[in-house]
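First the structure, in the form of structure tokens, and then the observations on it.
Since we're looking at a predicted model, the values are computed, not measured. FYI, side chains are in, hydrogens and waters are out, and symmetry mates aren't considered; it's all heavy atoms of this structure.
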Amino acid sequence: MMNFEKIEQLIKLVKDNDMKKFKYKDYEQEIEFDFTNKEVNKSVGNVTNDHPSIDTSQNENQQQTTSDENVNYVKAPMVGTFFLQDEKELTNPLINVGDEIKKGETIGYIEAMKVLNEVTSDVDGVVDDILVTHGENVEYDQSIIKIK
């Protein structure tokens with residue numbers, strides 16, 4: 001079994017290098033860190049002799065707020081850099097808060113491997129909030145637009 005002092009050293013090394021996820025596995029043990037949760041309060045759980053792990057999953061409050069019936073989210077279909085228009089300098093965004101959008105309408109772009117990929121809405125509604133800024137990196141399945 002890996003001792004807790006070594007786990008603490010590993011956590012510090014992962015955080016100091018701004019890594020969001022880390023996984024190590026050998027024949028005897030496995031450890032995984034996930035620091036993608038934006039909450040300051042991290043939880044520790046599921047540490048066993050065979051497979052020690054530290055899990056920082058989303059807390060229940062975040063999950064409950066996304067279950068509102070009238071709210072939908074457009075999520076990033078891939079990892080990359082999100083843009084509100086097809087140019088790096090923001091002058092004329094495709095959408096603004098308060099705009100009415102239709103299913104299938106292009107709401108932005110994600111640049112991945114030097115290619116701009118269209119991001120389309122999968123629902124009709126009104127843009128309630130734009131959750132990421134123009135030029136911000138996004139993860140796969142990250143909510144980028146809130147629609148009511």
Checklist outcome for this item: Apart from Met113 itself, members of its ILVMFWY cluster (side-chain separation under 4.5 Å) are none

Checklist entry - Is Tyr140 isolated, or which residues cluster with it under the ILVMFWY side-chain rule of less than 4.5 Å, directly or via members? => result Val79

Partners of [X] by side-chain hydrogen bond (donor to acceptor under 3.5 Å, both in side chains), sequence neighbours excluded?
X: Gln85; value: Thr91
X: Asp122; value: none
X: Lys114; value: none
X: Glu105; value: none

Checklist entry - What pairs meet the ring-ring contact (aromatic ring centres under 6.0 Å, His included) rule with one or both residues in residues 85-139, with sequence neighbours excluded? => result Phe83-His134

Checklist entry - Does any N or O in the side chain of Asn117 come within less than 3.5 Å of the main-chain N or O of Val115, such that one atom is a donor and the other an acceptor? => result yes

Next on the checklist: Using a 3.5 Å distance criterion without hydrogens, assess whether the side chain of Ser121 forms a donor-acceptor pair with backbone atoms of Val123.
Outcome noted: yes

Next on the checklist: Starting from Val138, can I reach Leu90 by hopping between I/L/V/M/F/W/Y residues whose side chains sit under 4.5 Å apart?
Outcome noted: yes

Which heavy atom of [X] sits nearest to which heavy atom of [Y], and what is that distance?
X: Gly108; Y: Leu94; result: N-CD1, 3.8 Å
X: Ile110; Y: Gly80; result: CG2-CA, 3.6 Å
X: Ala112; Y: Met78; result: CB-SD, 4.0 Å
X: Gly125; Y: Ile147; result: CA-CG2, 3.5 Å
X: Gly135; Y: Thr81; result: O-CG2, 3.3 Å

Checklist entry - After noting the C-alpha distance and the side-chain angles of Leu84 and Ile130, does the key distance pass the side chain to side chain contact (heavy atoms under 4.5 Å, CB included) rule? => result CA-CA 10 Å; Leu84 286 164; Ile130 300 172; 4.2 Å; yes

Extract all donor-acceptor atom pairs below 3.5 Å that involve side chains of residues 95-104 and protein atoms in other chains or at least two apart in sequence.
from	atom 1	to	atom 2	distance (Å)
Asp99	OD2	Asn96	N	2.7
Glu100	OE2	Lys102	NZ	3.3

Checklist entry - Roughly how far, to the nearest 0.5 Å, is CD of Gln142 from CG of Leu131? => result 8.5 Å

Checklist outcome for this item: When rounded to the nearest 0.5 Å, the distance separating OG1 of Thr133 from CD1 of Ile144 is 12.0 Å

Checklist entry - Tell me, which pairs form a salt bridge (charged side-chain N to carboxylate O under 4.0 Å, His left out) where one or both residues lie in residues 75-91, sequence neighbours left out? => result Lys88-Glu111

Item to check | Counterpart residues, ring pair (Phe, Tyr, Trp, His ring centres under 6.0 Å), relative to Phe82 (two or more places apart) | outcome: none

Next on the checklist: Between Lys146 and Asp129 (salt bridge meaning N to carboxylate O under 4.0 Å), is one present in this structure?
Outcome noted: no

